[in-house]
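Lettering follows sequence order; numbering is per chain, from 1.
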Amino acid sequence: MAFEIRENEDGEIIIVELSGELDSSSVAAFSLGFMEITGKRGPKKYVLDLKDLEFISSAGWTAFLNEFKQLRSSGGDLKLAAMRPDAKRVYSLVGVDGVIESHETVQEAVKSYAKKD
Amino acid sequence: MRKKTEIKSAEIKVDATENNLGLIRRFIGDNMKNTGFPRKKISALSVSVTEHCENLIRHAYAKKRGKVSLKLELKYPEAKITALDAGPRFNMKEQKLPDISLRLKNGLGGKMGIKTILALCDAVEYKRINGRNRNTFIVRVKNTKKGKK
């Protein structure tokens, strides 16, 4: 399934929905799409909605880490939400869980931002 | 559903290119469908072979494009995929895996592929044969009956 990236918002939080498969063939589409969104919205609080992301390889995790680092360094933030079980297993296994926060649902991720404020 | 005792094999040979990664996953998914293997094991092979092929594209075939042959063999409770490539000798099991936690914290990836493969597969075998690398990725369904593993 082809990779797609779409944006939504929940108040001050920008929800970015990813669907399809994210590997080295589609990682440029993610980075360009995300750059376009952050360029327009600025360094705000973002949630990546991974509910429809069917596959992710280390190329995708690396791209998430890059975006996370860039947002954090400019005052923004990034959290992951609704990850599928297969992705969640690799997320913990490679150690991304120690860097980027993840939540079971988008709503929980959005709420977690409110708790911090 | 196929009988779990049946032996099934399938082969594919493609250019090791990013555009073929989806095709390779479809080959694994389609051939393992309804064979009794749980989704977790199918996913383990799918992720491992994708990571392996991404490494081939990025490193072994960085200067000159090449092909990768994949042979899937299912003999329940074991499933294995043997990948053949013509890149330079490379045994991932001989690589010293660095602690990547600091890299991750600095927003850097890299070195994740091999770690993922070795963690997801129950076994990985390597041989250099006739100038080609032969990597075999193996997953096994464990017997969950009491007293057996």
Specify the closest pair of heavy atoms between Gly22(B) and Glu21(A), including all atoms of both residues, with the distance to one decimal.
CA-OE1, 4.1 Å
Can Met35(A) be reached from Phe68(A) by stepping across I, L, V, M, F, W or Y side chains whose heavy atoms are under 4.5 Å apart?
no
Hydrophobic clusters here meaning ILVMFWY residues chained together by side-chain heavy-atom distances under 4.5 Å, can you tell me if Leu84(B) and Phe137(B) are in one?
no
Linking I/L/V/M/F/W/Y whenever any side-chain heavy atoms sit under 4.5 Å apart, do Ile15(A) and Phe34(A) land together?
no
Tell me whether Glu36(A) at atom CD has more than 12 heavy atoms from other residues, nucleotides or ligands lying less than 6.0 Å away.
no
Would the number of heavy atoms belonging to other residues, nucleotides or ligands and lying under 6.0 Å from NZ of Lys40(A) be above 12?
yes
Quick one: of Asp86(A), Val90(A), Ile100(A), who has the most non-hydrogen atom pairs under 4.5 Å with chain B?
Asp86(A)
Chain A contact via Leu104(B) - side chain, backbone, both or neither, heavy atoms under 4.5 Å
both
same_hphob_cluster(Val14(B), Met32(B)) at 4.5 Å side-chain heavy-atom cutoff:
yes
Quick check for you: to the nearest 0.5 Å, what is the distance between Thr50(B) atom OG1 and Ile56(A) atom CD1?
12.0 Å
With only heavy atoms counted, which part of Ser46(B) is less than 4.5 Å from chain A, the side chain, the backbone, both or neither?
both
Count the heavy atoms of every other residue, nucleotide or ligand shown that sit under 6.0 Å from CG of Asn130(B), and state whether that count exceeds 12.
no
Identify which part of Val94(A) has an atom lying under 4.5 Å from any heavy atom of chain B, answering side chain, backbone, both or neither.
both
Any side-chain heavy atom of Met112(B) within less than 4.5 Å of one from Leu65(A)?
yes
Using the rule that Ile, Leu, Val, Met, Phe, Trp and Tyr join whenever any side-chain heavy atoms are under 4.5 Å apart, tell me whether Ile42(B) and Leu53(A) fall into a single cluster.
no
Can you tell which part of Ala63(A) gets under 4.5 Å to a heavy atom of chain B, answering side chain, backbone, both or neither?
neither
Where on Arg103(B) is there a heavy atom nearer than 4.5 Å to chain A: the side chain, the backbone, both, or neither?
neither
If you count heavy-atom pairs under 4.5 Å with chain A, which of Glu51(B), Arg25(B), Lys115(B) comes out on top?
Arg25(B)
In terms of heavy-atom proximity below 4.5 Å to chain B, should Phe64(A) be classed as side chain, backbone, both, or neither?
neither
Contact list (residues 22-33 of chain A to chain B, heavy-atom gap under 4.5 Å, by number) returns Asp23(A), Ser24(A), Ser25(A)
For Glu12(A), look at atom CD and say whether over 12 heavy atoms of other residues, nucleotides or ligands are found less than 6.0 Å away.
no
